[in-house]
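Here is the structure we will look at.
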Protein chains: 2
Amino acid sequence: MNKIFPGWAKLRKIRELGERWAIKLFFEIFKSMPDMPIPFGDDVSAIPVGGENVVVLKTDMLVGRTDVPPGMSLRQAARKAIVMNVSDFAAKGIRPIAALVSLGLPSDLTEEDVREIASGLSDGAEEYGVYIIGGDTNESSDLTICCMLAGFSDRRRIIRRGGARPGDIVAVTGLFGRTSAGLKILLEGLSPPEHIRRPLVESVLMPRAKLKEGLLLADLGALTASIDSSDGLAWSLHELSDASGVGFLIENVPVAPEVEEFAREYGLDPLDLSLYGGEEYELVVTVKPEIWDETKNALSSAGAQLIEIGRAISEKKIEAVINGRGIVIERRGWEHFKDKRY
Amino acid sequence: MNKIFPGWAKLRKIRELGERWAIKLFFEIFKSMPDMPIPFGDDVSAIPVGGENVVVLKTDMLVGRTDVPPGMSLRQAARKAIVMNVSDFAAKGIRPIAALVSLGLPSDLTEEDVREIASGLSDGAEEYGVYIIGGDTNESSDLTICCMLAGFSDRRRIIRRGGARPGDIVAVTGLFGRTSAGLKILLEGLSPPEHIRRPLVESVLMPRAKLKEGLLLADLGALTASIDSSDGLAWSLHELSDASGVGFLIENVPVAPEVEEFAREYGLDPLDLSLYGGEEYELVVTVKPEIWDETKNALSSAGAQLIEIGRAISEKKIEAVINGRGIVIERRGWEHFKDKRY
């Protein structure tokens with residue numbers, strides 16, 4: 001607060017204050033529900049149904065100007081609006097059942113455009129076994145697709161952000177950096193060789209939520225904490241660290257081979273692309289060390305991956321030693337209002 | 001479809017096709033959930049939990065350019081975003097428990113503006129006993145507040161749109177026309193005498209959902225069909241008629257006294273203001289005639305109103321005889337894309 005002219009502070013714009021400031025403000029103002037099964041600010045919310053059963057809910061809004069890069073079709077954008085929400089369910093180990101969709105559509109969209117949006121929503125829903133059961137259609141300047149997902153769970157199954165303990169193994173469900181590189185290609189019109197261009201661009205246009213992985217990890221009871229990497233790997237590690245009160249020592253950032261090649265081609269740092277991207281829907285989890293081997297094997301048997309990247313430590317810092325080089329993993333990633341992407 | 005150049009049809013704009021066309025298209029494309037407790041297109045959606053229990057869900061998006069008239073503060077707009085959704089729960093006789101809110105905020109909003117929005121959401125939530133348990137914050141050109149409400153019910157309790165039978169009494173929970181008149185005042189800068197200006201403008205800025213009425217009517221098991229009047233009384237009657245396959249003979253359109261006075265002052269038709277308005281959150285219901293008296297009395301004892309306006313008839317037409325004058329009640333009301341309000 002400005003102590004001389006306290007009123008001035010109120011005139012600061014949200015573009016300076018940022019999304020996280022707004023979220024913090026909301027938590028302060030909203031009255032908290034008694035017996036909340038999942039704390040404010042985790043990836044999903046829940047309401048008790050009776051006994052240990054809860055209804056799990058999530059909403060995430062896709063807005064054309066920040067979430068739809070050039071080159072993404074309306075069908076892909078609508079599908080992504082579902083995938084974004086499914087990814088949060090995946091991180092918590094919960095199967096989504098039904099979706100509601102509120103649309104804000106620019107009035108000059110054509111019949112074909114609206115069909116594309118409907119088809120994209122349907123694509124996303126069918127891929128993850130979700131039924132769209134209702135919604136709302138409105139007129140707006142920006143394309144806006146607000147999805148809400150619902151599912152059921154035993155409250156003891158839900159993997160929160162806050163359960164990591166020193167000694168836990170930090171792991172991820174796939175390789176990183178593809179969406180950062182893919183976005184660079186789309187935004188800057190780069191033309192790398194086709195064999196790397198295709199997977200990188202595809203990672204942006206057709207993202208996949210790691211639902212199978214999240215459900216299996218919850219079935220195994222293997223995790224102490226979990227989050228998705230939609231705001232970037234570095235950001236996710238910081239969120240887990242804050243919520244769990246532990247630090248992380250990272251020994252391996254699994255960079256996708258196309259990203260290594262892309263970085264060489266354009267003189268970029270592959271680690272930077274992998275740590276500070278976003279819109280990358282891997283799961284970032286902490287695993288009980290005593291069942292690491294069987295967990296990794298179970299995922300492998302199911303055709304999925306679990307890659308060890310480091311350990312949780314008691315000191316609350318996040319550092320990486322990669323090829324003998326020590327680096328600090330900064331709290332950086334995508335933030336609405338502060339970052340402009342398209 | 002244009003038979004000579006079928007491709008042309010796809011180029012029609014949504015501003016010509018309208019909101020109802022889009023909703024119909026979505027219902028065609030989305031795969032329908034088995035055992036859906038409430039059909040597509042009713043005021044709320046539901047998912048079976050087990051036995052007769054269902055989770056009831058609703059989403060409705062408020063967009064600044066169509067839902068926030070001049071003179072409405074951000075706090076009032078945010079409150080309205082909750083009220084709009086509560087009204088649909090009220091119409092179905094279900095108590096909402098929790099809300100999720102996705103926000104799209106213009107980047108030049110100030111800290112004070114964001115506080116106003118948070119306070120308005122909190123106002124609406126506390127008025128109706130709802131907890132806000134999660135959400136999402138984004139940047140957008142239009143102010144966008146997408147609320148999602150959740151509650152629980154026995155599926156047999158939910159009052160659908162489609163249950164009206166010939167002979168049922170058609171009733172409403174209050175007087176009509178205030179929001180039409182109030183919007184005219186705000187949009188056209190009219191200055192009627194203060195004693196009528198205040199309640200008319202208030203009806204627009206601080207709408208109230210008839211939750212107490214809806215819950216009580218469901219407790220009594222009095223209704224065969226129900227809807228709210230958010231798209232106007234005439235529109236609501238047409239929706240009930242379509243869903244139930246009955247017609248209505250309306251003998252009384254209860255016009256608010258301030259609306260009569262306003263209409264005289266400005267040479268307007270008070271019936272038109274009352275039938276074809278919108279953003280008016282009364283309930284429009286059909287009541288079992290054998291328990292009409294006790295239902296009306298029960299509402300009266302609870303400090304609420306139930307006003308008979310006519311009867312359901314087997315012929316599928318909607319007519320009114322008001323003061324001996326026969327009129328046809330048209331299917332007209334607010335429709336996104338086709339109507340421009342602000």
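Remember, predicted model here, so these are calculated numbers, not experimental data. Below, each value reflects all heavy atoms present in this structure, side chains not excepted, and no hydrogens, waters or symmetry copies. Every chain is numbered from 1 and lettered A, B, ... according to where its sequence line falls, protein lines coming before strand lines.
- The CZ atom of A/Arg15 sits 13.0 Å away from atom CG of B/Leu105, with the distance rounded to the nearest 0.5 Å.
- Scanning all heavy atoms of the two residues, the minimum distance from B/Trp21 to A/Glu111 falls at CZ2-CG, 3.3 Å.
- Only the side chain of A/Met148 comes within less than 4.5 Å of a heavy atom of chain B; its backbone N, CA, C and O stay farther away.
- Both the backbone and the side chain of A/Ile133 come within less than 4.5 Å of a heavy atom in chain B.
- With a 4.5 angstrom heavy-atom cutoff, A/Leu25 touches chain B only via side-chain atoms.
- Contact of B/Val55 with chain A is made through the side chain alone, with heavy-atom distances under 4.5 Å.
- Annotation: the span from A/Ile14 atom CD1 to B/Glu112 atom CD amounts to 13.0 Å, rounded to 0.5 Å.
- Across all non-hydrogen atoms, the minimal contact from A/Met61 to B/Cys146 is CE-CB, 3.8 Å.
- Among B/Asn53, B/Asp60, B/Val44, B/Ile47, the residue making the largest number of heavy-atom pairs under 4.5 Å with chain A is B/Asp60.
- Ranked by heavy-atom pairs under 4.5 Å with chain A, the first of B/Pro34, B/Pro39, B/Ala125, B/Ala98 is B/Pro34.
- Contacts of A/Leu103 with chain B are made by both backbone and side-chain atoms, with heavy-atom separations under 4.5 Å.
- Note: A/Thr110 OG1 to B/Glu16 CD = 10.5 Å, rounded to the nearest 0.5 Å.
- Minimum heavy-atom separation, B/Lys13 to A/Ser107: CB-O, 4.0 Å.
- For chain B, the nearby part of A/Pro48 is the backbone; its heavy atoms alone come within less than 4.5 Å.
- For a residue to count as touching a neighbouring chain, one of its non-hydrogen atoms must lie under 4.5 Å from one of that chain's; by this rule A/Val63 touches chain B with the side chain only.
- Looking at B/Leu57, both its backbone and its side chain come within 4.5 Å of chain A, counting heavy atoms on both sides.
- Contact between B/Arg65 and A/Ser141 at its shortest, heavy atoms only, is NH1-OG, 2.9 Å.
- Contacts of B/Met33 with chain A are made by both backbone and side-chain atoms, with heavy-atom separations under 4.5 Å.
- Both the backbone and the side chain of A/Val49 come within less than 4.5 Å of a heavy atom in chain B.
- Atom CZ of B/Arg95 has 12 or fewer heavy atoms from other residues, nucleotides or ligands within 6.0 Å.
- Both the backbone and the side chain of B/Ile132 come within contact range of chain A, with heavy atoms under 4.5 Å apart.
- Counting heavy-atom pairs closer than 4.5 Å to chain B, the top residue among A/Gly134, A/Ser102, A/Ser45 is A/Ser102.
- Here B/Thr59 is the residue among B/Ile38, B/Leu121, B/Thr59, B/Thr144 with the most heavy-atom pairs under 4.5 Å with chain A.
- Contact check for B/Val101 versus A/Phe26: no side-chain heavy atoms found under the 4.5 Å cut-off.
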